[in-house]
Number of protein chains: 2
Amino acid sequence: MPKQTFFNLSEQKRKNLLESAEMEFTRAPLFEASIANIIKTAGISRGSFYQYFEDKDDLYFYLLEDKLKKGKIYFSGLLAKHQGDLIEAVIELQNYFLLALSDEEEKQFLKNALLYTTHRVESSFTSIWDTYLDNQEFKKVGKLINRDYLNSTAEKELLHIFKMVSALAFNNLIEKTVKGLSDDEAMESFKLSMSLLKQGIYKQNN
Amino acid sequence: MPKQTFFNLSEQKRKNLLESAEMEFTRAPLFEASIANIIKTAGISRGSFYQYFEDKDDLYFYLLEDKLKKGKIYFSGLLAKHQGDLIEAVIELQNYFLLALSDEEEKQFLKNALLYTTHRVESSFTSIWDTYLDNQEFKKVGKLINRDYLNSTAEKELLHIFKMVSALAFNNLIEKTVKGLSDDEAMESFKLSMSLLKQGIYKQNN
DNA sequence: ATAATATATGACACACTGTCACATGTCAAT
DNA sequence: ATTGACATGTGACAGTGTGTCATATATTAT
């Protein structure tokens, strides 16, 4: 997390700095992006930067997680919309992310995040689900999910299903980015994953 | 790939260099590892390094992929052993990787690979399956898989199943590493994933 | 007005990368 | 054995970056 000093800054200065950072992380992936470029664009001194942030990563993950927050909020609404059908809601959420990747700048930023991803980047993405599973929020969302669809209603398995879904969703974003799939192609691939997961891949007499 | 010059080196010199590299990549993840350290340990000059490799990544992925090759070879045997039961074979392969993570040095090396992974690292891992799906090898392995177990025998879906399985396997290795799970715990988690995938998570009357 | 605290600065030491002109080794042809 | 062509080895160097620190300036509280 950025230091308090950063949050004490005037809104204008803060925005300006974040914009410069976003520019740099759009230009280059985390490990290639340079603080030097960010402070040059933002017009602040090197020393100041270190008053605001621990280091480059600190700023980066602050930005990235902020971007992903929107998705988390969105998901609750989707569950309601689809009468608690987990998979249907997940499919629409994935569609939302794929659309976000259409904006050219946004695309490059996330592409940089996905292609040169670290564990922390993956965590940032999959934490969309954690929110729903770990804390108080769970009760709310847990209720939204219609268990009638599911084979198992055990909490433990439900949590595991979330983990699987998020791994597959993350993988789908990478697949799209790497192979340069269109949104439709990526969506088709994701739907196939979800369909196989729903039905199961083995015959039921085993 | 390393340059020809590297392969022209005497075996002794090559081994020595690879060992120095492995030491460095065990000490630090890719982005923190330094060529400077590698050449100091190996006792070669900076210029020589660039005669052998394009850059740090070139050497790194040569090492990593070599390590993973063994797993690819192993998998064919496992399919035969389990009478073509894809999931059973996959479970034993995952077990093999988890055991590899028991050796302390190996563990640190792979930990560095997993935690600060890039897309290319994930590719290296999941390419274990690509081998079986893309080229001539497919026919061999495709035959080994007992389709009687599966709901769908369409090639396209089989390929997709491989992709899902590899995404979940990769995710499992990260989960183990990050949460510091024991081999048994990790295996249990992976088996649950496989079991859910086999049976499907939705009731069949939908 | 003064002290205390918070913020800003840029020079600096240190580390690393990739390159290049030059040195040395190898080996086939004469 | 000598030559020349080609392969390999070298380390100084320019360029770029990071994180720190002594010092300067601003802000706030008393």
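Scope of the values below: all heavy atoms of this structure, side chains included, with no hydrogens, waters or symmetry mates. Since this is a predicted model, take the numbers as computed values, not measurements.
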Task: Separation of atom NZ in K56(B) from atom P in dA15(C), rounded to whole Å - done: 16 Å
Task: Residue pair E24(B) / T41(B), side-chain heavy-atom distance below 4.5 Å - done: no
Task: Check: N112(A) side chain, F25(A) main-chain N or O, donor-acceptor pair, under 3.5 Å - done: yes
Show me the protein contacts with nucleotides 21-28 of chain C, counting only N or O atoms at under 3.5 Å.
none

Open item on the list: Any donor-acceptor pair under 3.5 Å linking the side-chain atoms of Q94(A) with those of N172(A)?
Closed with: yes
Open item on the list: Could you tell me how far apart E32(B) (CD) and dC16(C) (P) are, to the nearest whole angstrom?
Closed with: 11 Å
Task: Rounded distance [0.5 Å steps], CG in D183(B) versus CG in L99(B) - done: 5.5 Å
Open item on the list: Which residues in residues 36-49 of chain A have a heavy atom closer than 4.0 Å to any atom of DNA chain D?
Closed with: A36(A), R46(A)
TODO: Give one of base, sugar-phosphate or nothing for Y52(A), where a contact means two heavy atoms less than 4.0 Å apart.
DONE: sugar-phosphate
Task: Between dT5(C) (P) and Q4(A) (CD): distance, integer Å - done: 17 Å
Open item on the list: I'd like the 5' and 3' limits of the part of DNA chain D contacted by chain A, with heavy-atom contacts below 4.0 Å.
Closed with: dG17(D) to dT20(D)
Open item on the list: Using OP1 and OP2 only, check whether a side-chain N or O of N8(A) sits under 4.0 Å from dA6(C).
Closed with: no
Taking only distance into account, with no hydrogens and no angle test, what donor-acceptor pairs under 3.5 Å do side-chain atoms of residues 187-194 of chain B form with protein atoms, sequence neighbours excluded?
residue, atom, partner, partner atom, Å
S189(B), OG, E175(B), OE1, 3.1
S193(B), OG, H160(A), NE2, 2.6

- [ ] Mind checking K3(A) for me? I need base, sugar-phosphate or nothing, with any heavy atom below 4.0 Å counting as a touch.
- [x] nothing
TODO: Round to a whole Å and report the spacing from CG of L59(B) to P of dG18(C).
DONE: 12 Å
TODO: Using side-chain contact (heavy atoms from CB on, under 4.5 Å) as the criterion, list what pairs up with Y62(A), not counting sequence neighbours.
DONE: M1(A), P2(A), F6(A), F7(A), L18(A)
Task: Nearest-nucleotide comparison on DNA chain D, the residue closer to the 5′ end among S34(A) and T5(B) - done: T5(B)
Task: Worked check of salt bridge (Lys or Arg N to Asp or Glu O under 4.0 Å) between K81(B) and E92(B) - done: CA-CA 10 Å; K81(B) 177 177 166 191; E92(B) 192 168 341; 2.9 Å; yes
Open item on the list: Checking K40(A) now: which residues fulfil side-chain contact (heavy atoms from CB on, under 4.5 Å) with it, not counting sequence neighbours?
Closed with: N37(A)
- [ ] Supply the atom-to-atom distance I91(B) CD1 to E88(B) CD, rounded to the nearest 0.5 angstrom.
- [x] 5.0 Å
Open item on the list: Within the 4.5 Å heavy-atom criterion, are D103(B) and F109(B) side-chain neighbours or not?
Closed with: no
Open item on the list: Would you compute the distance between atom CD of E157(A) and atom CD1 of I201(B) and round it to the nearest 0.5 angstrom?
Closed with: 10.5 Å
